[in-house]
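Letters go in sequence order (proteins before strands), and every chain restarts at 1. Model, not experiment: these values are computed from the prediction.
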Amino acid sequence: MTELKSDFLRVLTERGYIHQQTDAAGLDSQAAAGVVSAYIGFDATADSLHVGSLVQIMLLRRLQQTGHRPIVLMGGGTTKVGDPSGRDESRQLLTDEQINANIAGIREIFAHFLRFDDSPTGAIMVNNDDWLSGLMYIPFLRDIGRHFSINRMLTMDSVKLRLEREQPLSFLEFNYMILQGYDFVELNKRYGCTLQMGGSDQWGNILQGVELGRRVRGRDLFGLTSPLITTGSGAKMGKTASGAVWLSDRRLSAYDYWQFWRNTEDNDVGRFLRMFTDLPLAEIARLEQLPGAEINEAKKILATETTRLCRGDEAAREAAGTAAKAFAGAAADGLPTMTLDSGAQIPVLEAVVALGMAASKSEARRLIDQGGVKLNDQPVQSSTATISSADLDERGTARLAVGKKRHGLIKRG
RNA sequence: GGAGGGGUACCCAAGCGGCCAACGGGGGCAGACUGUAAAUCUGCUGGCUUAUGCCUUCGUAGGUUCGAAUCCUACCCCCUCCA
């Protein structure tokens, strides 16, 4: 299976998206012969997705780029029930309105990555609530449930791990794989969808869907998973100082998004460029070869390209410009900013908190004590220090920094 | 329904009447070294009008005690075995 006939699988292979797949040859010839409709499911638990979902989003983008139709499946139905995996009581159930609002927010994100229209390869977004909520229990059990073997389900990793670790596993959760398998069948019926993709943790669920499709629909369905993305040092990707790296600009500024990518580890640069940007492979090969500190140029390109995809051209350029200035020690628009009335003073502590550079005054105090806070490049000596107009330069601006990477501005009000 | 085990900070996990804002590890943050990288070393990792002070936190609500995460009672939730 050295020669791939389809652009789709060839691109996926070259760019490192494939972890496991069912019947690669079958999918390859189907993708080479015509338009394939494929889907990936997403939760509707928040109004934005974070970088953890970016691989999946990019998979759908590659699908469309190579002449096929992406289906974004929103788990509105399953979200409605609530994810039972959280062990604390805080699994608040979302209302229909919240779920719909979340779906709307997520749709905005996808609009950056996919082309939604009525053409044969136009992306569509569907909600599994459309068919799950109306299910009737007995008919469902008879038509679908009989195809699932408990023996088999108990051997699935997701279940087995839970049982071994003596962690709770509710019947509801146990049913997820059935509902998910059913989604695939329903999407095949409605949209001719023949491929489900997802993260490697979804492999078992995807297989169930593939098998179910064969049994109840007599169709050959395909499954494909992407590798779990970790950083070169093995950490799960997607956490920063301020929490999750959100894709939505309502949740995370373009500047912070850009910074997230700028701080990629050396060893990840090539891999991330291939997966998360549209740059040609030859160009990427060159960039990842850059020796020593020059790899930083590649990181900047990575940051700008990923930001461009997710936030648009202009936002990417601005973020890059802001970063260039901020790290050169100059005031830059686009950083968090607060104003200071002329003649007034403000404790450094309060400024650090107000600019979102520390979560509390206690934390700000600790940072100062450790020498981590700088005002105009000078370490702040005392946690009782204040900022006054005297600290503003001729343009009426003072620069405040926490660590090397977090910058903020104070301007004359 | 019965018996036993358990619910501790972001996660894991000690503590089992005062020395507990709570050991240790992970994660995170800061400092040093660097290249806004990794690795390594060091420090920090509840909050407060800045304090040998106060407030909140050890499933929930009460109680005992000068004093409780630690003892008692009730309740909720989880796990295991039995029915």
Side-chain angles (χ1 to χ4, degrees), chain A residues 82 84-91 159 161-173 230-245 255-273 287-304 307 319-330 332 335 345-354 356-374 377-386 399-408:
Chain A
S85 63
R87 285 190 302 140
D88 42 0
E89 74 298 335
S90 62
R91 66 173 83 135
V159 174
L161 283 176
R162 285 293 195 74
L163 295 179
E164 279 170 3
R165 291 154 83 188
E166 301 193 348
Q167 284 175 347
L169 176 73
S170 69
F171 182 66
L172 175 68
E173 199 167 9
T230 54
T231 67
S233 33
K236 208 181 285 177
M237 171 179 159
K239 289 288 167 62
T240 65
S242 36
V245 178
Y255 173 74
D256 287 333
Y257 189 74
W258 192 93
Q259 279 299 327
F260 168 75
W261 293 100
R262 172 63 246 265
N263 286 311
T264 297
E265 294 177 22
D266 288 8
N267 293 334
D268 294 328
V269 172
R271 195 158 51 106
F272 286 4
L273 280 167
L287 288 172
E288 69 178 331
Q289 292 304 317
L290 290 174
E294 285 178 47
I295 193 85
N296 282 323
E297 288 313 307
K299 292 185 191 179
K300 288 177 193 167
I301 291 170
L302 171 66
T304 302
T307 307
T322 299
K325 283 191 201 165
F327 282 87
L335 295 175
Q345 289 194 340
I346 182 170
V348 175
L349 280 182
E350 285 181 24
V352 168
V353 174
M357 297 159 83
S360 67
K361 289 185 186 173
S362 295
E363 185 181 328
R365 189 170 288 119
R366 268 181 239 122
L367 287 166
I368 291 173
D369 289 344
Q370 294 183 119
V373 177
K374 288 180 185 158
D377 299 323
Q378 293 303 312
V380 175
Q381 300 294 340
S382 157
S383 55
T384 58
T386 59
R399 285 170 291 114
L400 196 61
V402 168
K404 276 179 275 196
K405 301 177 188 172
R406 281 180 277 168
H407 301 269

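For A:Arg366, the side-chain contact (heavy atoms from CB on, under 4.5 Å) partners at least two apart in sequence or on another chain are A:Ser362, A:Glu363. Not counting sequence neighbours, the partners of A:Ala364 by the side-chain contact (heavy atoms from CB on, under 4.5 Å) test are A:Leu349, A:Val352, A:Val353, A:Ala358. Under the rule for a salt bridge (Lys or Arg N to Asp or Glu O under 4.0 Å), the partners of A:Arg399 that lie at least two apart in sequence or sit in another chain are A:Asp377.
Residue A:Ala323 is in base contact, counting any heavy-atom pair closer than 4.0 Å across all strands shown. As judged by a 4.0 angstrom heavy-atom cut-off over every strand, A:Gln259 is placed among the base-contacting residues.
Nucleotide B:G1 forms a pair with B:C82, judged by Watson-Crick or G-U wobble geometry with both contacts under 3.5 Å. Pair check for B:C48 finds B:G53; Watson-Crick or G-U wobble, both atom distances under 3.5 Å.
Atom CG in A:Leu290 sits roughly 18 Å away from atom P in B:A38 (whole-Å rounding). For the pair A:Asn296 CG and B:G35 P, the interatomic distance rounds to 9 Å; values are reported in whole Å. Rounding to whole angstrom units, CD of residue A:Glu297 and P of B:G35 are separated by 14 Å. In this entry the distance linking NZ of A:Lys405 with C1' of B:A38 reads 11 Å, nearest Å. Atom CE in A:Met357 sits about 14 Å away from atom C1' in B:U36, given to the nearest Å. Atoms CG (A:Asp268) and P (B:A39) sit 11 Å apart, rounded to a whole Å. With rounding to whole Å, A:Glu350 atom CD is found 7 Å from B:U49 atom P. Note: CZ (A:Arg399) to P (B:U36) measures 16 Å, nearest angstrom.
Note on A:Lys299: every side-chain N or O is 4.0 Å or more away from OP1 and OP2 of B:U36.
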(request) Kindly determine whether A:Asn263 and A:Lys299 satisfy side chain to side chain contact (heavy atoms under 4.5 Å, CB included), including the steps that lead there. (result) CA-CA 7 Å; A:Asn263 286 311; A:Lys299 292 185 191 179; over 6 Å; no

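Put simply, the side chain of A:Arg262 does not reach to within 4.5 Å of the side chain of A:Thr304, judged on heavy atoms.
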Shorter than 3.5 Å, N or O on both sides, protein versus nucleotides 20-26 of chain B: list them out with atom names.
none

Could you pull out the protein-nucleic contacts involving nucleotides 43-45 of chain B (nitrogen or oxygen on both sides, under 3.5 Å)?
| unit_1 | atom_1 | unit_2 | atom_2 | d |
| --- | --- | --- | --- | --- |
| B:G43 | N2 | A:Gln370 | OE1 | 3.1 |
| B:G43 | N3 | A:Gln370 | OE1 | 3.0 |
| B:C44 | O4' | A:Gln370 | OE1 | 3.2 |

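For the side chain to side chain contact (heavy atoms under 4.5 Å, CB included) test with A:Val380, the passing option among A:Asp369, A:Leu367, A:Val373 is A:Val373; the others fail.
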(request) Sugar-phosphate means primed atoms, P, OP1 and OP2; the rest is base. With that split, encode nucleotides 50-56 of chain B 5' to 3' as B, S or - using protein heavy atoms under 4.0 Å. (result) BB-----

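With RNA chain B read from its 5' end, the first of the two nearest nucleotides for A:Asp266 and A:Gly371 is the one closest to A:Gly371.
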